[in-house]
Number of protein chains: 2
Amino acid sequence: MARTAEKLDEKIRARNIRIILDVATDVFSRKGFDGTRIAEIAELAELPKANIYYYFSSKEEIYSTIIANLIEGWDDALSKLRADREPAEALADYVRTKLEYTRKFPRESRLFASEIIQGARFLSQKDRAHMRAATDTYAAVLERWMQEGRMAKIDARHFFIMLWGATQFYSDFEPLACDALHTRRISAADYDRAAETIVATILGGVIPRTETTERS
Amino acid sequence: MARTAEKLDEKIRARNIRIILDVATDVFSRKGFDGTRIAEIAELAELPKANIYYYFSSKEEIYSTIIANLIEGWDDALSKLRADREPAEALADYVRTKLEYTRKFPRESRLFASEIIQGARFLSQKDRAHMRAATDTYAAVLERWMQEGRMAKIDARHFFIMLWGATQFYSDFEPLACDALHTRRISAADYDRAAETIVATILGGVIPRTETTERS
DNA sequence: GTCTATAGGTAGATAGAC
DNA sequence: GTCTATCTACCTATAGAC
């Protein structure tokens, strides 16, 4: 009897925490940390405001919990860049994976962007160190490809920044992207076309080679 | 006598408005609209809070005034893309101008990014229409180059989005850029290297051509 | 675990003396 | 034009009944 009640409580508890984090992600991503009101999170979660404080001790704790969960998406895409793969194929895969992430989790992507713009106040030193290390690892992969003559010699870190900026734009700056594409919403097809354009541009460039050169 | 007093008042007025807008740009860019406190603007401007309300009727009016002034930077860079120029040269010029703008006005760039992330709530319909028209105009220039065989056939609008994302990253997401580049501040030299990398990548691509192909 | 009521603090904006 | 004092509203967070 006591056991059953405990299990039920545990279920309700897990469900409420999940709902709170879900709607909080939505509000934080649209209004930033300071612009978000606990009352709005409570309303969307369909819980009394006091219950939010039953599960989390403060607004900051909710926010930090979400931030900490975001770093994973970063790793997944970068892991596509294995040194033993064909550079063109690996890079195309990376761009597509990164765009897929931002398409599937636009709120999370925006929340992260908002946090960085405001100076990365709540991004922990541990998470930052982890991201720095990941960048180092994969910059080394690109540099190895360059030494092997399988990739043009450019600055790997600036190249990464270029890809991050290009891929995140679609969710983070959605109103601008919609205006540019003359659409009211960025569709899955738009994301596909974005991937196609980015991949074609970074792999082959946009300026045709001398007249005698043929594209295979 | 009245004349002299009037002129003096006018000078003080212009100076105070300038100072208020300047420090407001700083605070808004770091904390967003909702996170910004009028009291902080007053403190940095070294004026009593009530005086802010003497010059501006509301927090929103200060914010909107700044936003409206930002659109100019957009035009300056795009104007480099004239149809009669050599594509490679024009595109390189565009990237450098855009990076120069974000380097010179990082606060303005961040403020604009923050406004867009939060849903472009205060960006006027007039300003949005203007930006859409500019995008259309310059997408047409790129499409003409493509038809003339002077540029690879890609999606011009997605290509623009790619360049916007890549160039804005350095000021908007500065903490991430610093981590990636292992530096505490993005220097002018870093911006130069960014321009070099972006230009090399978009013009020529990163994957070497077949063995028989020579780079001119 | 849930909820009402409220404490305690701070925000945007204004009144009115100077 | 400047500034002190203050109004009103709303926010985060908590106390305590159920």
Side-chain angles (χ1 to χ4, degrees), chain A residues 1-28 30-67 118 121-122, chain B residues 1-28 30-67 114-115 118 121-122:
Chain A
M1 181 94 154
R3 258 211 135 75
T4 316
E6 266 174 34
K7 275 193 183 175
L8 183 63
D9 281 358
E10 193 53 40
K11 253 193 177 168
I12 291 175
R13 182 190 176 74
R15 179 179 161 278
N16 282 346
I17 289 179
R18 193 173 41 74
I19 290 178
I20 291 169
L21 288 176
D22 186 59
V23 302
T25 302
D26 198 57
V27 185
F28 279 130
R30 284 184 290 111
K31 312 202 172 178
F33 180 78
D34 297 294
T36 294
R37 306 294 156 215
I38 296 288
E40 188 173 356
I41 293 175
E43 201 177 336
L44 289 172
E46 293 179 321
L47 285 171
K49 197 174 62 167
N51 289 31
I52 308 294
Y53 282 100
Y54 175 74
Y55 293 106
F56 294 92
S57 67
S58 69
K59 181 175 166 179
E60 182 172 339
E61 192 183 300
I62 304 176
Y63 190 74
S64 296
T65 302
I66 298 171
I67 291 284
Q118 290 177 21
R121 294 178 295 173
F122 299 101
Chain B
M1 186 96 157
R3 261 210 130 77
T4 316
E6 266 174 34
K7 277 192 181 171
L8 182 64
D9 281 359
E10 193 53 38
K11 252 190 174 166
I12 292 173
R13 183 189 175 77
R15 179 180 160 278
N16 282 346
I17 289 179
R18 193 173 41 74
I19 291 178
I20 291 169
L21 288 176
D22 187 59
V23 303
T25 302
D26 198 57
V27 185
F28 278 131
R30 283 184 291 113
K31 312 201 171 177
F33 180 78
D34 297 295
T36 294
R37 307 292 157 218
I38 297 289
E40 187 173 357
I41 293 176
E43 200 177 335
L44 289 173
E46 294 181 319
L47 286 171
K49 196 173 63 163
N51 289 29
I52 308 294
Y53 281 99
Y54 175 74
Y55 292 106
F56 294 92
S57 67
S58 69
K59 181 175 166 179
E60 181 174 340
E61 192 183 300
I62 304 176
Y63 190 74
S64 296
T65 303
I66 298 171
I67 291 283
S114 164
E115 163 65 9
Q118 291 178 19
R121 295 177 296 172
F122 299 101

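Of the candidates D:dT14, C:dT4, D:dT2, the closest approach to any side-chain atom of A:Pro48 belongs to C:dT4.
Take A:Lys31 and apply the salt bridge (Lys or Arg N to Asp or Glu O under 4.0 Å) test, not counting sequence neighbours, and it matches A:Glu40. The side-chain hydrogen bond (donor to acceptor under 3.5 Å, both in side chains) check on A:Asn51 picks up nothing, with sequence neighbours excluded. For A:Glu61, the side chain to side chain contact (heavy atoms under 4.5 Å, CB included) partners are A:Phe56, A:Ser57, A:Ser58, A:Thr65, not counting sequence neighbours. Residues that satisfy the ring-ring contact (aromatic ring centres under 6.0 Å, His included) test with A:Tyr54, not counting sequence neighbours, are absent from this structure. Scanning for side-chain hydrogen bond (donor to acceptor under 3.5 Å, both in side chains) contacts around A:Arg30 gives A:Asp26, with sequence neighbours left out. With sequence neighbours left out, the salt bridge (Lys or Arg N to Asp or Glu O under 4.0 Å) criterion links B:Arg18 to no other residue. Residues satisfying the side chain to side chain contact (heavy atoms under 4.5 Å, CB included) test with B:Asp34, not counting sequence neighbours, are B:Gln118, B:Arg121. Residues satisfying the ring-ring contact (aromatic ring centres under 6.0 Å, His included) test with B:Tyr63, not counting sequence neighbours, are B:Phe28, B:Phe33, B:Phe122.
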Under 3.5 Å, N/O pairs linking protein and nucleotides 15-18 of chain D:
none

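Rounded to whole angstrom, the span from the CG atom of B:Asn51 across to the P atom of D:dC3 amounts to 5 Å. Per the geometry, CD1 belonging to B:Ile52 stands 10 Å off P belonging to D:dT2, to the nearest Å. Taking atom CG of residue A:Asn16 and atom C1' of nucleotide C:dT2, one finds them 10 Å apart after rounding to whole Å. In this structure, A:Leu47 places its CG atom 12 Å from P of C:dG1, rounding to the nearest Å. For the pair B:Tyr54 OH and C:dA15 P, the computed distance is 15 Å after rounding to whole Å. Distance, B:Arg13 CZ to D:dT2 P: 10 Å, rounded to whole Å.
For residues 57-65 of chain B, proximity to DNA chain D is found at no residue, defined as any non-hydrogen atom under 4.0 angstrom from a strand atom. For the segment residues 34-42 of chain B, no residue has any heavy atom less than 4.0 angstrom from an atom of DNA chain D.
B:Phe56 comes within contact range of no nucleotide atom at all, as no heavy-atom separation falls under 4.0 Å.
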